[in-house]
S.K.: 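Sharing a structure here in structure tokens format.
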Amino acid sequence: MAQFKAGILGATGAVGQKFIRLLQNHPWFEIQALGASGRSAGKPYSDAANWIESIPLPNSVKDLKVRNCVSSEFTDVDFVFSGLDSSVATEIEADFAKAGIPVISNAKNYRTDPTVPLLIPEVNPDHIELINTQAFTSDGSGWIVTNPNCVAIPLTMSLKPLYDAFGIHSVVVTSLQAISGAGYPGVPSLDILGNVIPFIGGEESKIREEPLKLLGNLENGRIDHAVFPVQATATRVPVINGHLLTVNVKLEKSPSDATEIAEAMKSWKSPIGKLGLPSAPQFPLHVFEDERYPQPRLHADSENGMQTAVGRVRSGDVMDVSYIAMAHNTIRGAAGGAILNAELLVKKGFIK
Ligand code: NAP
């Protein structure tokens with residue numbers, strides 16, 4: 001039996017649809033309400049949304065009437081997921097938090113707010129405590145938690161064991177990002193087919209900054225950010241799902257060889273492994289020995305799209321280590337990551 005009633009803001013968009021798909025038969029959460037813009041509000045979901053998921057539109061949401069994204073229309077939910085366009089997320093998410101409705105967001109708007117947890121449950125679960133420093137409501141009932149950018153997630157998942165074992169001096173990363181990351185209809189086919197687009201607006205600053213907050217220490221109610229430079233290049237490639245990154249890292253403490261680095265990744269243990277969260281992958285970080293892997297088409301769906309895959313771990317002449325990291329951008333990098341955040345927030349007593 002589901003215990004918590006969830007709303008979805010931005011329910012008609014690409015991320016909103018992924019939420020609907022992933023929440024079908026969720027053991028803890030049931031979809032109570034769907035919200036979108038005034039263009040969609042008042043219509044049955046089946047009329048408002050251009051359904052692009054590869055399963056039939058679930059009967060449970062077909063006839064739900066889409067609501068306006070105002071808190072007064074969502075008094076019957078325990079919390080909301082947000083897949084809102086960033087041009088409207090600041091005001092709408094604050095409206096919900098002020099009304100005492102927790103918001104678990106995919107949008108970038110609050111990620112750098114010093115009182116808002118930027119959360120990957122396997123990396124920085126303790127940052128959840130930042131919620132206690134938020135001032136949306138006097139009784140702490142309304143708050144915002146965000147998940148990171150879809151490249152920052154596999155990058156930080158793979159850096160975490162290296163950061164803990166060796167310390168990080170500097171990182172150079174290039175992303176080869178899937179088309180689905182641009183929403184729907186996204187990039188015109190004539191631009192992307194048989195091509196690589198060497199720039200994604202606004203992406204590189206997120207890749208540079210978010211890992212430093214994620215790897216920071218929570219002390220006295222604030223995050224002391226990790227300090228190392230990240231040089232990022234973001235490109236779009238003709239892949240449907242799965243962002244692949246080439247990562248080069250200079251470490252503070254030099255390992256003896258690449259095997260020691262791969263071992264640090266393989267032996268790393270997720271701090272949430274024993275919490276029994278329904279969406280948590282059994283192996284959040286998988287290290288391939290086979291040099292042909294990981295590949296987006298073969299491995300983006302591993303562990304229901306929640307695993308970060310690493311491969312080609314090798315030492316280098318310029319940096320200490322080079323490797324490939326890859327994760328499903330709309331599952332681990334968006335809706336699935338947010339659902340895992342919500343599960344941790346239930347376990348820690350913030351959603352009740
Ligand atoms: P999208 O397909 O363009 O969907 C945007 C959603 O926002 C739609 O439901 C839209 O409703 C709603 N919306 C737009 N204007 C609104 C308004 N004035 N009031 C209320 N709702 C409004 O975008 P997306 O790709 O799903 O991305 C959603 C968010 O997640 C963005 O902030 C994005 O940066 C972030 N994100 C996306 C990905 C990804 O892989 N796609 C990954 C991580 C994070 P209507 O249909 O009614 O217009």
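Computed over heavy atoms, backbone and side chain alike; hydrogens, waters and symmetry mates excluded. All ligand and atom numbering here is 1-based and tracks the order in the structure.
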S.K.: Using a 4.0 Å heavy-atom cut-off, say whether Ile92 meets ligand 1 through its side chain, its backbone, both or neither.
M.R.: side chain
S.K.: Would the distance check show the side chain of Lys213 and the main-chain N or O of Asp113 forming a donor-acceptor pair, the cut-off being under 3.5 Å?
M.R.: yes
S.K.: Check if Ala89 has a non-hydrogen atom at a distance under 4.0 Å from any atom of ligand 1.
M.R.: no
S.K.: Hey, does Gly10 come in under 3.5 Å of ligand 1, counting only N/O atoms on both sides?
M.R.: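 The answer is yes, given that Gly10 and ligand 1 share an N or O pair closer than 3.5 Å.
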S.K.: Taking atom 40 (O) of ligand 1 as the reference point, report whether a protein heavy atom occurs under 4.0 Å from it.
M.R.: yes
S.K.: Which of the atoms in ligand 1, numbered in the order shown and given with their element, are less than 4.0 Å from a heavy-atom of Val88?
M.R.: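 Per the distance check, 16 (C), 17 (C), 18 (N).
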S.K.: What are the atoms of ligand 1, with element, lying closer than 4.0 Å to any heavy atom of Thr12?
M.R.: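 With Thr12 as reference, the close atoms of ligand 1 come out as 8 (C), 9 (O), 10 (C), 11 (O), 45 (P), 46 (O), 47 (O).
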S.K.: Tell me: protein heavy atom nearest atom 23 (O) of ligand 1, and distance?
M.R.: Ala14 N, 4.5 Å
S.K.: Nearest heavy-atom pair of Val66 and Ser40: which atoms, and what distance?
M.R.: CB-O, 3.6 Å
S.K.: At what distance, to the nearest 0.5 angstrom, does CD of Glu210 lie from CD1 of Ile153?
M.R.: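 Rounded to the nearest 0.5 Å, the CD-CD1 separation comes to 8.5 Å.
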S.K.: Less than 6.0 angstrom from the centroid, inside 45 degrees of the normal: does Arg67 satisfy that with respect to the ring of Phe74?
M.R.: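 Ring-cation test returns yes.
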S.K.: What protein heavy atom lies closest to atom 48 (O) of ligand 1? Include the residue and the distance to one decimal.
M.R.: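 That would be Arg39 NH2, 2.7 Å.
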S.K.: Should you measure from each heavy atom of Asp85, which atoms of ligand 1 turn up under 4.0 Å away?
M.R.: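 That gives atoms 7 (O), 14 (C) of ligand 1.
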S.K.: Using a 4.0 Å cut-off to any heavy atom of Ala36, which atoms of ligand 1 qualify?
M.R.: 11 (O), 20 (C), 21 (N), 47 (O)
S.K.: In ligand 1, which numbered atoms sit nearer than 4.0 Å to a non-hydrogen atom of Ala107?
M.R.: 32 (O)
S.K.: Can you classify the ring geometry of Tyr45 versus Trp51 as parallel (below 30°), tilted (30 to 60°) or perpendicular (above 60°)?
M.R.: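 It falls in the perpendicular class, over 60°.
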S.K.: Output the distance between atom CD (Gln24) and atom CD (Glu53), rounded to the nearest 0.5 Å.
M.R.: 10.5 Å
S.K.: Could you say whether the N/O atoms of Gly333 and ligand 1 ever approach to under 3.5 Å?
M.R.: no
S.K.: Would a distance-only check, ignoring hydrogens and angles, find a side-chain to backbone donor-acceptor pair under 3.5 Å from Thr308 to Leu285?
M.R.: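 It does not hold such a pair.
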S.K.: Less than 4.0 Å between atom 14 (C) of ligand 1 and some protein heavy atom, yes or no?
M.R.: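 Yes, at least one protein heavy atom sits under 4.0 Å from atom 14 (C) of ligand 1.
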S.K.: Is there a donor-acceptor contact under 3.5 Å from the side chain of Asn149 to the main chain of Lys206?
M.R.: no
S.K.: Specify whether Phe136 and Tyr110 have parallel, tilted or perpendicular ring planes, treating 30° as the upper limit for parallel and 60° as the lower limit for perpendicular.
M.R.: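 Rings of Phe136 and Tyr110: perpendicular, as their planes differ by over 60°.
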S.K.: Which is closest to atom 29 (C) of ligand 1 in terms of heavy atoms, Val15, Leu84, Ile179?
M.R.: Leu84
S.K.: Run the numbers for me: atoms of ligand 1, each under 4.0 Å from some heavy atom of Thr330, listed by number.
M.R.: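 So the atoms of ligand 1 that pass are 40 (O).
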S.K.: With a cut-off of 4.0 Å, which atoms of ligand 1 are near a heavy atom of Ser86?
M.R.: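 Those qualifying, in numeric order: 32 (O).
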S.K.: Using heavy atoms and a 4.0 Å limit, tell me yes or no: is Lys108 in contact with ligand 1?
M.R.: no
S.K.: Could you check whether any side-chain N or O of Ser175 sits under 3.5 Å from a backbone N or O of Gln177, counting only pairs where one atom can act as donor and the other as acceptor?
M.R.: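 No, because the side chain of Ser175 does not come within donor-acceptor range (under 3.5 Å) of the backbone of Gln177.
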S.K.: Any idea how Phe29 and His26 line up, ring-wise: parallel (<30°), tilted (30 to 60°), or perpendicular (>60°)?
M.R.: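 Aromatic pair Phe29/His26 classed parallel.
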S.K.: Give the residue and atom name of whichever protein heavy atom lies nearest to atom 42 (C) of ligand 1, and the separation in Å to one decimal.
M.R.: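 Looking at atom 42 (C) of ligand 1, the protein heavy atom closest to it is Ala334 CB, 3.6 Å.
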S.K.: Counting only heavy atoms closer than 4.0 Å, does ligand 1 sit against the backbone of Ser180, its side chain, both, or neither?
M.R.: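 Near ligand 1, Ser180 shows its backbone, while the atoms from C-beta on stay back.
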S.K.: State whether the side chain of Asp95 and the backbone N or O of Glu91 hold a donor-acceptor pair below 3.5 Å, judged by distance alone.
M.R.: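 Looks like no, no N/O pair under 3.5 Å.
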S.K.: Provide the number and element of each atom of ligand 1 under 4.0 Å from a heavy atom of Asn106.
M.R.: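 In order of numbering, the contacting atoms are 30 (O), 35 (C), 44 (C).
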S.K.: Quick check: Ser40 and ligand 1, any N/O pair under 3.5 Å apart?
M.R.: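 Yes, Ser40 has an N/O under 3.5 Å of an N/O on ligand 1.
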